[in-house]
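For reference, the structure discussed in these notes is given below.
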Amino acid sequence: MHAPSTARLLILSLMLAAGTGCAAQKTYEPISAPMQLPTKAALTQLGQRPVPPVPPRPHTNIEHWTFEGQWLEGEEAPRRISALQEAIVSTGAQGGDAQLDCLAEQGARFYLEHEVTPEPRLGAYMSVRCGGLAYPTTVMGAVGIQGGSPDATDEEVLALLLPRAKAQLAEVLGERAEDTVVGAWLQRSPGKAAIGIAAMPRRARMKTQTLADGRVTISGAIADPEAVAVTGLINRGTHGWAECQVQGPPSGFQMTCGLDPKDDGAWIDVSVQRRGHLIARTVARAYAHREGSAGIVYPDAKPAAAVGDAASFRRDLLIRLNEIRQSAGLAPISLAQKQSASLDPVTAHYFAASETGDENTVDLITLGTLAGWDIEGGLIRDAHVLGMYLPVRRDAQAWLDETLERPIGRRVLLGPWARQLALGATFDRPSPGLGALIATYEFMEEQAVAAEAQRLVARLNAERTARGHRPVYLVDHMPELDEAVVRVSAGVHPGRALDDAIDAAVQRRNATMGGAWTVAAKVDDVPFADDLLNTETLELAIRVAHVSLEGSKWGFTVVLMTTGRGPRQRPVATRPSTASRL
């Protein structure tokens, strides 16, 4: 049995932990980026190595596929062939699964027509059409014969096919048979016969339910003890997407996603983030449809000219992508030429590592891409990465269509603040087809600092209100803090700048004051200390600055603030109080 090549689609947002300082501190240690990303040298060295060999995964390009078969007709399941079920049980695996038997039937039908197994995208459609979710860990395979007598009985055909099917199934299962669910199906046509097989880890199963109000729920348990978060995205409309609501820990979660009122159906991506990793990996795909699985249709392929090299692929993709962004009311995105060229040598390594399960190399390349060492034109505020392999074809339009069919693909390519795109391409490595490693970058905008400060105060007030406290008393006029922001932007340590600002403000206002500063990747990442949340009456002045740090192409947000106990009729001058964080 051949496992299908995995078109791994990854998405990652860089979420850096906030660093902290205190206003009264007089010795200031240098500030470094909260997380060290792979160096440019590490990527360069990887790109100079030979691409590891990957076992061939034969696929074919089809323009159309219609779902047919016994499992898709009526409400009663067809009779299973006992010999197939006995073969599954003899391996130690679990059989009798309706979705996997249906998937095996589709795979057998496909094999009879094309003599290969379905590529991952079609396999995902088959999985959801059979009433379940699609998992990247599912293995589809088939064995077949030609030229047999059309009058042969099923038993005679099975006598020829079962030994080969058992051998391939045992090879796939290895030592994991007890943890695996297997579906099998015998499919016959005049002069041909094939056994289709579908296998997946039992622990990966999730349940989905479509509700009458246009919502869909997905529930399951992630067996990985290192899983720390489950996230979900659903397509919305022609170009949009939305986050799903998740309740419970990964070990027992329920996710709720809502269909757009105008959508009959939409894809959902379920991802898991592991402890110590910034990369959220797709573990399942679901399809929400108002009328049930009968409405799921595999889209016909659109004929398009093939691209022959990375430059033509980048050119064609950028033109088509910007046409879509314009129709969605989004600003155009430009190509980061230098960064794209630096990705080309490592792109084949990325897909080879994805195929063989080498997560360390996948992480190295993904994080190194996020670092944006060759990005020009500003400080990076945020970045997203995805990799998608298109089997067999070299078609920019098909690659874009398949990527934007996924909500995580939309999030990367159709982000409203994305301004530059870097694209590394590989052709026929590690397998026939076209692979693209893409990153989109957002940049710090100085005119946004006032809005960021307002957003921070709004979030703080919302949390104070939830705790039964009044909103902060906001002090707009604080020239000392304005001067501190200018100094921080010029390279002065935030702690020193804030200390000096508080000293001057205490003398001018004759008031009790404290203060704090923090450094974060984004203003939305800034945490709040208990004093800010629980002090009954609080006076606050707040400013935001964008800074660069040595050894990083990213910009970081510095938040400076001064605090008091609210308006006083008889203020008392003091030295600044200490604060460990916002």
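Please read these numbers as outputs of a predicted model, since none were measured by experiment.
A salt bridge is absent between D395 and K302: the closest approach of a Lys/Arg side-chain nitrogen to an acidic carboxylate oxygen does not fall below 4.0 angstrom.
Within the 3.5 Å criterion, the main-chain N or O of I268 finds no donor-acceptor partner in the side chain of W241. Under a 3.5 Å cut-off, the side chain of R325 and the backbone N or O of L413 do form a donor-acceptor pair.
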Exercise. Let me see the working for Q420 and E442 under side chain to side chain contact (heavy atoms under 4.5 Å, CB included), right down to the final yes or no.
Key: CA-CA 7 Å; Q420 285 191 24; E442 304 172 11; over 6 Å; no

(message) Before you tell me yes or no, could you show the steps for W554 and Y441 under ring pair (Phe, Tyr, Trp, His ring centres under 6.0 Å), namely the whole-Å CA-CA distance, both residues' side-chain angles and the distance that decides it to 0.1 Å?
(response) CA-CA 10 Å; W554 281 66; Y441 299 89; 7.9 Å; no

I'd like to know whether L437 forms a side chain to side chain contact (heavy atoms under 4.5 Å, CB included) with L423, so could you lay out the CA-CA distance, the side-chain angles of the two residues, the decisive distance to 0.1 Å, and finally the verdict. CA-CA 6 Å; L437 178 64; L423 188 160; over 6 Å; no

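With sequence neighbours left out, R49 forms a side chain to side chain donor-acceptor pair (under 3.5 Å) with no residue at all. In this view, R455 and D524 satisfy the side chain to side chain donor-acceptor pair (under 3.5 Å) rule, not counting sequence neighbours. By the side-chain contact (heavy atoms from CB on, under 4.5 Å) test, P249 pairs with S251, sequence neighbours left out.
For the residue pair D401/Q397, the side-chain donor-acceptor check at 3.5 Å is satisfied. Between the side chains of R205 and Q99, at least one donor N or O sits under 3.5 Å from an acceptor N or O. Between the side chains of S312 and D309, at least one donor N or O lies within less than 3.5 Å of an accepting N or O.
For W65 and Y298, the ring centers sit 6.0 Å or farther from each other. Between W399 and Y389, the ring center distance fails the sub-6.0 Å criterion.
Within a 6.0 Å radius of CD in Q247, no more than 12 heavy atoms belonging to other residues, nucleotides or ligands are found.
Partner R406 forms a side chain to side chain contact (heavy atoms under 4.5 Å, CB included) with one of T282, L233, N235 and no other, that one being T282.
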